[in-house]
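Before any comments, here is the structure.
Computed from heavy atoms alone, side chains included, the values below leave out hydrogens, waters and symmetry copies. Both counts, for ligands and for their atoms, begin at 1 and track the order of listing. This structure is a prediction, so every number in the text was calculated from the model and none was measured.
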Amino acid sequence: MSSAVMGNYGRIDLAFDHGDGSWLVTADGTRYLDCAAGIAVNTLGHGHPHLVEALKAQADKLWHVSNLYHIPEQQRLAERLCGLSGLDKAFFCNSGAEATEAAVKMARRAMHDRGETSRHTILCSEGAFHGRTIAMLAATDRPVFREGFGPMPEGFGHFAFGNMNALRDRLAADAETGHPEIAAVMVESVQGEGGAKPLPERFFAELREVTSEFGCLLIADEVQIGVGRSGYIFSFEEKGITPDIVAMAKGLAGGFPIGAVLTSEAVAAAMTPGSHGSTFGGNPLAMAAAHAVLDVLESDGFMADVRARAEMLAKGVDEISHDCKLFCRRGNGFLQGLVFNDDIPAMDVVAALRAQHVLTVPASENTVRLLPPLTLSRDEITLLLDVLKTTMDEMKAKS
Ligand SMILES: *Cc1c(COP(=O)(O)O)cnc(C)c1O
């Protein structure tokens, strides 16, 4: 389709008219089971009554005032997110890249504030994805995102995925110079775009220890895995640790644009008036939507049921994987990856599932990502597994 819209996306030839829970519906009434959820955004699916009500009520009251004034809904959301995460202060923006970018600014500023002015480098994992701004392109090591956008800003480095020894050696060498340059280590506990790839079991907890030992900060990029997708509101909750800085976005307001950064008191102290800002950040509409999402996630038994349903999904996928031997499963909660053998392009699987009216998302390392709404029901999981099984049987027959 020729269009006045820029061609920077490879779009699927499909448009939707409305949504209904876990389903997306085209203008002619065709229904698709949405296991993409707007790329991990529609936390409560489509048209969730509590979310719709909250946004409508706020729309009648007040949309936007800017951060020239106090925004009570923002203060309440900050308290709520800090209470849930164990952090002390919240900053609001409008997207993931803005949140990770602000997280980096805050880490550098905290070092500056401490008088450790040589510390400006942010170490990231190989295969990481933290967004598309110029600085966040420097935070990924993947050439596909960077091509033609150089020069890259300085102050970013990479370490081998999940390799604690390599990371520790790097931090030790940096400390030995007497004027260390590393300000922070930034990781996703499960790489989303990287292919639903979890860090090794103990890595996150060890990372907490090692960053503290070497006097640098730990930034958790929870943009994709956060807001319940891991089975916990924050993925580090279950690991019993608290990062210094947490970036959030995608699912936080269930489809309304939002970003947030949570930090410790020590980091926040460096962010004096005028040091950073966002015109739209934390406006009453976004705050109302985020409160509504958290209302549901915090309601009795909801997260426990997410974990139970995610386990049902993982078990079912494992059985199919075991039978067909075309892929391996990895991931956490409702961020699951099906890593296909090289002779089966993940894109073909996404298309085959779509032909059966199931929407999924490709990721790197030949992975198909399942990112359903956290409200995906047991019946819908059964349906998803049936479709996956038939699709794999057909692919097996062809290969
Ligand atoms: C999507 C994503 C981002 C970027 O978010 P945008 O809202 O697209 O800017 C950053 N980090 C992670 C882990 C993501 O998945």
Exercise. In terms of residue, atom name and distance, what is the protein heavy atom nearest to atom 11 (N) of ligand 1?
Worked result: Asp221 OD2, 2.8 Å
Exercise. Is the centre of the Tyr32 ring less than 6.0 Å from the centre of the Phe16 ring?
Worked result: yes
Using distance alone, determine whether [X] and ligand 1 share an N or O pair under 3.5 Å.
X      : result
Ala97  : yes
Lys250 : yes
Glu98  : no

Problem set entry | Is_contact(atom 15 (O) of ligand 1), protein non-hydrogen, under 4.0 Å | yes
Exercise. What pair of heavy atoms forms the shortest contact from Ala346 to Val368, and how long is it?
Worked result: O-CG2, 3.6 Å
Problem set entry | Charged tip of Arg132 within 45° of Phe145 ring normal and under 6.0 Å | no
Problem set entry | Pi-cation contact, Phe156 with Arg108 (under 6.0 Å, within 45°) | yes
Exercise. Short list, please: which atoms of ligand 1 are under 4.0 Å from a heavy atom of Gln224?
Worked result: 15 (O)
For this session: Under 4.0 Å from a heavy atom of Phe129: give me the atoms of ligand 1 that qualify, with their elements.
Result: 1 (C), 2 (C), 3 (C), 11 (N), 12 (C), 13 (C), 14 (C)
For this session: Indicate yes or no: does Arg309 engage Asp305 in a salt bridge with an N to O separation below 4.0 Å.
Result: yes
Exercise. What part of Glu188, side chain, backbone, both or neither, has a heavy atom within less than 4.0 angstrom of ligand 1?
Worked result: side chain
Problem set entry | Pick from Gly131, Gly96, Ala220: the one approaching atom 7 (O) of ligand 1 most closely through a non-hydrogen atom | Gly96
For this session: Dump the intermediate steps for salt bridge (charged side-chain N to carboxylate O under 4.0 Å, His left out) on Glu193 and Arg369, then the final yes or no.
Result: CA-CA 9 Å; Glu193 304 306 305; Arg369 254 180 306 171; 3.0 Å; yes
For this session: Could you tell me whether a side-chain N or O of Arg229 sits under 3.5 Å from a main-chain N or O of Val223, the two making a donor and an acceptor?
Result: no
